[in-house]
Amino acid sequence: TSSLSLSANIAPHRQIPSVMVEVWRVLFAIVCVCFSAMFAGLTLGMLTLDLFDLRIIAESGTVREREQARRVMSVRKHGNYLLCTLLTGNTAANALFSILTAELTSGLIGFVISTLAILFFAEIIPQSICHRFGLRIGAAMVWLVKIFMIVLTPISFPTSRILDYFLGTEPITRYNKRALKALLSIQTRDNAIAAAAETVQAER
């Protein structure tokens, strides 16, 4: 009888650490999704900002836009290095999240949960937001990107140097006469359409 009562008293104490481990795994999995979302969003938001466009914003934008463009340019000028850093971080976060969800649930359920979580919360939503507010979000996250560029240097820097060698550092945006004429024509037409829409709205 005494042995049974002793085992009954020990059992709850053994369950508490197990529950705590499960809770920490869930929290760690959520953190992994957040980091994956950050890397995915910044990959689209920062790398779609052309250096030529950033230079234009830095010289002709508002005071806030100029500061944001300069901050983004400090890391954007290292195109392949930035790309390798963000993709390495994104891949590591997704892999770790998949491992954690596989340990928390069965194989099929873990696969479904990890796929849906990564698809919606770590890809679609952050990329949609960063595509619209790439300059603003990129400027706010530059400090964190620089930290990861240092931390992931053993992987991202050698890979970026290989890409620099075979593909070049950064394509330069150049416009010939025909392209500049088309660009001016498009801008003029868009401004005319916007002005006509505002006039119709004002008349209503």
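Counting from 1, the numbers follow the sequence of the chain as shown.
Under the 4.5 Å side-chain contact rule for hydrophobic residues, L86 and F133 share a cluster. Cluster annotation: M73 and L47 are assigned to the same hydrophobic cluster (Ile/Leu/Val/Met/Phe/Trp/Tyr, side-chain heavy-atom contacts under 4.5 Å, transitive). Follow the hydrophobic side-chain contacts under 4.5 Å out from L44 and you never reach L87; the two are in separate clusters. A chain of hydrophobic side-chain contacts below 4.5 Å, direct or via other Ile, Leu, Val, Met, Phe, Trp or Tyr residues, connects I129 to I124. One hydrophobic cluster holds both W143 and Y81 under the rule that ILVMFWY side chains link at heavy-atom gaps under 4.5 Å.
Residues C32 and A93 come closest through the heavy atom pair O-CB, 3.6 Å. Contact record, M149 with V75: SD-CG1, 4.0 Å, taken as the closest heavy-atom pair. The nearest pair of heavy atoms linking M46 to G138 is CG-CA, 4.1 Å. Heavy atoms only, all atoms of each residue included: S156 and T85 are closest at OG-OG1, 3.4 Å. Residues G89 and L152 approach most closely at N-CD1, 3.9 Å, considering heavy atoms. Looking at every heavy atom in both residues, T159 comes nearest to C84 through CG2-SG, 3.7 Å.
Put simply, CG on L163 and CG on L83 are 7.0 Å apart, with the number rounded to the nearest 0.5 Å. To the nearest 0.5 Å, the span separating CD on Q127 from CG on L42 amounts to 10.5 Å. In this structure, F148 CZ and M141 CE are separated by 8.5 Å, a value rounded to the nearest 0.5 Å. For the atom pair CG of L119 and CD1 of I125, the computed distance is 9.5 Å after rounding to the nearest 0.5 Å. Here the CG-CZ distance, from L54 to R71, works out to 13.5 Å after rounding to the nearest 0.5 Å. The distance from the CG atom of L135 to the SG atom of C130 is 11.5 Å, given to the nearest 0.5 Å.
Residues F39 and N94 fail the side-chain proximity criterion, which asks for heavy atoms closer than 4.5 Å. Looking at V145 and L82, their side chains come closer than 4.5 Å, going by heavy atoms from C-beta outward. Side-chain contact check for S98 versus I118: some heavy-atom pair is nearer than 4.5 Å. V151 places a side-chain heavy atom less than 4.5 Å from the side chain of I147. Proximity of E123 to N90: side-chain heavy atoms (C-beta onward) are separated by under 4.5 Å at one or more points.
Atom CZ of F35 sits in a sparse spot, with 12 or fewer heavy atoms from other residues, nucleotides or ligands closer than 6.0 Å. Heavy-atom contacts from other residues, nucleotides or ligands closer than 6.0 Å to CZ of R66 number more than 12.
Of the possible donor and acceptor atoms, one in the side chain of T153 sits under 3.5 Å from a partner among the backbone N and O of I150. At least one donor-acceptor pair under 3.5 Å links the side chain of S160 to the backbone N or O of F157.
Annotation: F97 is not in aromatic contact with F121 [ring centroid separation under 6.0 Å not met].
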